[in-house]
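For reference, the structure discussed in these notes is given below.
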2 protein chains.
Amino acid sequence: MWNLFHTAVALGKWWIAISTIYKVAQKAGVSVATVSRALNDSGYVSREAKDRVLEAARELDYHMNVNARSLTCGKTYTIALVLPDIGNPFFPAVARGAEDYASDNGYCVILCNTDGNLRKESDYLKMLRSRKVDGVIFAVSVASRSSLNALADDGIAVVLVDRDLGDSYDIVKTDNIAGAMLATNHLIGLGHTRIAFISGPMPLATSRERLRGYCDALASKGIPFDERLVTEGDFRMESGHRAMQALLANSRSGDGVEFTAVFAANDMMAAGTMTALEEEGLRVPADVAVVGYDDINIASVMRPRLSTIAQPKYEMGWIAAETVTRRMSEPDGPRLEEVLQPVLVVRDSTVERRCASV
Amino acid sequence: MWNLFHTAVALGKWWIAISTIYKVAQKAGVSVATVSRALNDSGYVSREAKDRVLEAARELDYHMNVNARSLTCGKTYTIALVLPDIGNPFFPAVARGAEDYASDNGYCVILCNTDGNLRKESDYLKMLRSRKVDGVIFAVSVASRSSLNALADDGIAVVLVDRDLGDSYDIVKTDNIAGAMLATNHLIGLGHTRIAFISGPMPLATSRERLRGYCDALASKGIPFDERLVTEGDFRMESGHRAMQALLANSRSGDGVEFTAVFAANDMMAAGTMTALEEEGLRVPADVAVVGYDDINIASVMRPRLSTIAQPKYEMGWIAAETVTRRMSEPDGPRLEEVLQPVLVVRDSTVERRCASV
DNA sequence: TTGTAAGCGTTATCAG
DNA sequence: CTGATAACGCTTACAA
C-alpha cells in the first residue's frame, strides 16, 4: 500500500501523479491482482469487477508501466534493428518494413547505426543485452561470432538481414548470385563482352555473392574474366565515382582494359559511376552502359534513368521482423532461411529510350 | 536470496543463466548493495571490495538489467523518434543525427513511423507513455495538443523537429520563410517573374511558412501573386508529378497562367515535377527552371542536377536530441527554440551548365 | 565501509 | 471468482 502515497512524485514544474494499478485498485475497490486480471483479461474476473476496474482505469488515465511488466514476465516487446547506416538509401525501406510488422504486433523497435564498425557493433550488442530486447534484426558487417552468440545465449532471438554470416543464424536475404547474374546477362544480351564490375566491400558475403554472380554469368557465356575490370568500392556514391575514374584511367592506358559496360554492386555506386563517366565526356548508355543494384527510389529519377536489380527491401524488413518473432516463440526450431528473388528493371542506362525527349 | 535459485530459467534449447547482482554478490562475497555501489561507483566502496566485484562481474559476464534499474530510478535512457516516414529521404538524415547524439550520451532511440496519420500518432504516443521513455522527438503531422500534453504531464520531455505547432513545445527547425525566399529570389534574380509554387500539405506549419516565404519574396520585388500558380502536394514524388501536370494543363489553356519557373516545397516533389516536364517535352532549365527544398543526397545525382535549398538535416536531428536531453534535466527552463538557417545550392536545374558535356 | 531491507509497478501462485 | 503476497533485478536510505 505504500505505493499509494509515493506516487505523487516531485518533479520540476509541480508534481506528476502517474497512476499505478494500486490507485486503480483502490478506486475500483478491488485488489491489484484483480486489476491485473481485468486489464489483461487473464484468469477469472467477474463481469462487474471488470467493469469497475476498466472504469477506474479510464478515469485515472491509467497506462501500464511496461518496464515493470517486463521485469516479471521476462518479455520486453522490443526488437532492435541494427544496421550500418540508416542514411544509406537501401536501409530506410528495410527499416520501414520491419517497423510496420513490429508495431502491428505490439513490438517497438530500437534503431542502431553501426557504420559497419566493429566497435560500434559490439557496443550496441552489449547494450541490447542489457536492455533485454526480445530480438535483434541485424545487417552485420563485422561482428564477431562470439558477440552474436552471447545474445543467443541470453535467449535473444537474432535474425540477419541482407548480409549473411555462414549458417549459424536465421537469415532473410535476396539471392545475390542470381541478381548479379541477371544484371550481367542483361548486359551480355545487349552485346557487351567487356563488362567492368564495381563490387562492394569484400568482407561482406553480399559483395562476394554478387561478384560470384558476375563471374558465373561471364563464364556461362564463355566470356573470359579479367580481374583488371573489377574494382572494390564501399557501397557509397563517392567510392563508385573513384572506382570509375580508376577504371577509366586504366582503360586509357591502352593495356587492353577497355570496357563498354559497368555493373555496380549498388545504386549509389552506380550514381557515382555515372557522374564520373559524365565528367569524362562519356555518354550513358551510348558509350558505356551501366546497371546498378537495389533499385532505391531515386534510381528512376536519375538521368538517364538507372537500370538496376530490384530487391524487395520493404518485404525483407517485414519478413525479418516476422522471422524474429517466430524465432522467439520457437527457440529450437530449425534454422529459418528466407531467400527472396531479385528482379531486373530495365531503364535508360542500358538501353536508349525509344522516344528521346531531345 | 531466492534470486539465486531462480536465475536458471528453462528456455527451449536448454536453459539460460543470466547473471544478476545477486550472483555477482555471492561470487564476490559481498552484499548486493555493495555490488550496486561498485558497479555504478556511487557511495563508498573499498578498493578491495570493488576489485572483487568487478572481477566477479566480468567472470559471470554480468550485464545489468536496465529495465529493472529504470523501475527504481525512474529513468529509462530511451528517447523516441516519431516521424511521418523514415522512407521519406528527408528523415533518415535527421534520424541519424538524433541517434548519434543519443547513443553518444547513453540513450537509445525508438523509431516510430506515423505516416502523418492521426490514429498512428496517438497510438504511438500512448505506447511511449507506457514505455516511460524519457523524451520524444516529434515531427508532428496532426497530433492533437492533448496527446502531447499527456506526455508532458507524465514528465516526458518533448521537442518538435522540423514541424512547429505554435509556441507550446521546444522546437528545432530551419527558417522556412527565409529558405523559401532564398529560392524565390534566386529565380527572380534569374529574370523569372512567372514562378509556380508546389506547396506541401497546408495543415503543416512548415508548408505554410514556405508558401509565406514565396509570397513575401514576390511581394518584395513587386511581382503580383497569382494563386493559380500554386498547387498543393503532399511532399511525395508522385504528387509533384501530378501538380506539374495540372499546372501545365492550366498554362496551356491559354488563360494567362504560363510560368517559366517552379519552386517545389521539397526535392521529391521537384523530382516528380522534372519528370512531368520531361514527359511534356519541356527542358529544364531552358524552358522551365526548377528549384527544390531539402537537398536530399540524390539532388546532386538528378539530371539536370537540382538546385535546391539545403537544410542541415543531420544537425537538426542532433540538436533535437541534445535539446530533449536538456529539457529532461531542466523541465522548467524557458522554451527552447532553435532555428537553423537554410542555404541556397545552385546547380543545373536553374542555370545551364558552364561546360555542357554534350 | 558494508549489509539489511524497503520499494519501484507488475504478474503469478496459492489459499480462500 | 478474489485477495495476499512473493518474486522480478536493482537502488538507496538507514543501520551497523
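In what follows, chains are A, B, ... by sequence order, proteins preceding strands, each numbered from 1.
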In whole angstrom, what separates B:Tyr44's OH from D:dA13's C1'? 15 Å

With a 4.5 Å heavy-atom cut-off, do A:Leu39 and A:Leu54 have their side chains touching? yes

Tell me the interatomic distance from A:Asn65, atom CG, to C:dG9, atom C1', rounded to whole angstroms. 6 Å

Which residue lies more 5' along DNA chain C, comparing B:Leu71 with B:Lys50 via nearest heavy atoms: B:Lys50

In chain order, what residues pass the side chain to side chain donor-acceptor pair (under 3.5 Å) check against A:Glu330, with sequence neighbours excluded? none

Determine, stepwise, if the pair A:Lys120 / A:Asp85 fulfils salt bridge (charged side-chain N to carboxylate O under 4.0 Å, His left out). CA-CA 12 Å; A:Lys120 288 191 185 182; A:Asp85 178 16; over 6 Å; no

Between the first and last five pairs of the helix from C:dT1-D:dA16 to C:dG16-D:dC1, the angle of the axes, rounded to 10 degrees: 40°

With a 4.0 Å limit, can you tell me whether A:Ser31 has a side-chain N or O closer than that to the phosphate oxygens OP1/OP2 of D:dT2? no

Going by side-chain contact (heavy atoms from CB on, under 4.5 Å), A:Val82 matches just one of A:Leu160, A:Val158, A:Val140, A:Leu128. Which one? A:Leu128

Summarise how protein sits on nucleotides 11-16 of chain C as a single string, 5' to 3': B when a protein heavy atom is under 4.0 Å from the base, S for sugar-phosphate-only contact, - for no contact. BBB---

Taking DNA chain D as the partner, which of residues 53-61 of chain A come within under 4.0 angstrom of it by heavy atom? none

All N/O donor-acceptor pairs, side-chain side in residues 106-113 of chain B, below 3.5 Å, sequence neighbours left out:
residue  : atom : partner : partner atom : Å
B:Tyr107 : OH   : B:Lys75 : NZ           : 2.7

Think A:Thr20 has a side-chain N or O under 4.0 angstrom from the OP1 or OP2 of C:dG9? no

Which pairs count as salt bridge (charged side-chain N to carboxylate O under 4.0 Å, His left out) when at least one residue sits in residues 98-109 of chain A, sequence neighbours excluded? A:Arg96-A:Asp100

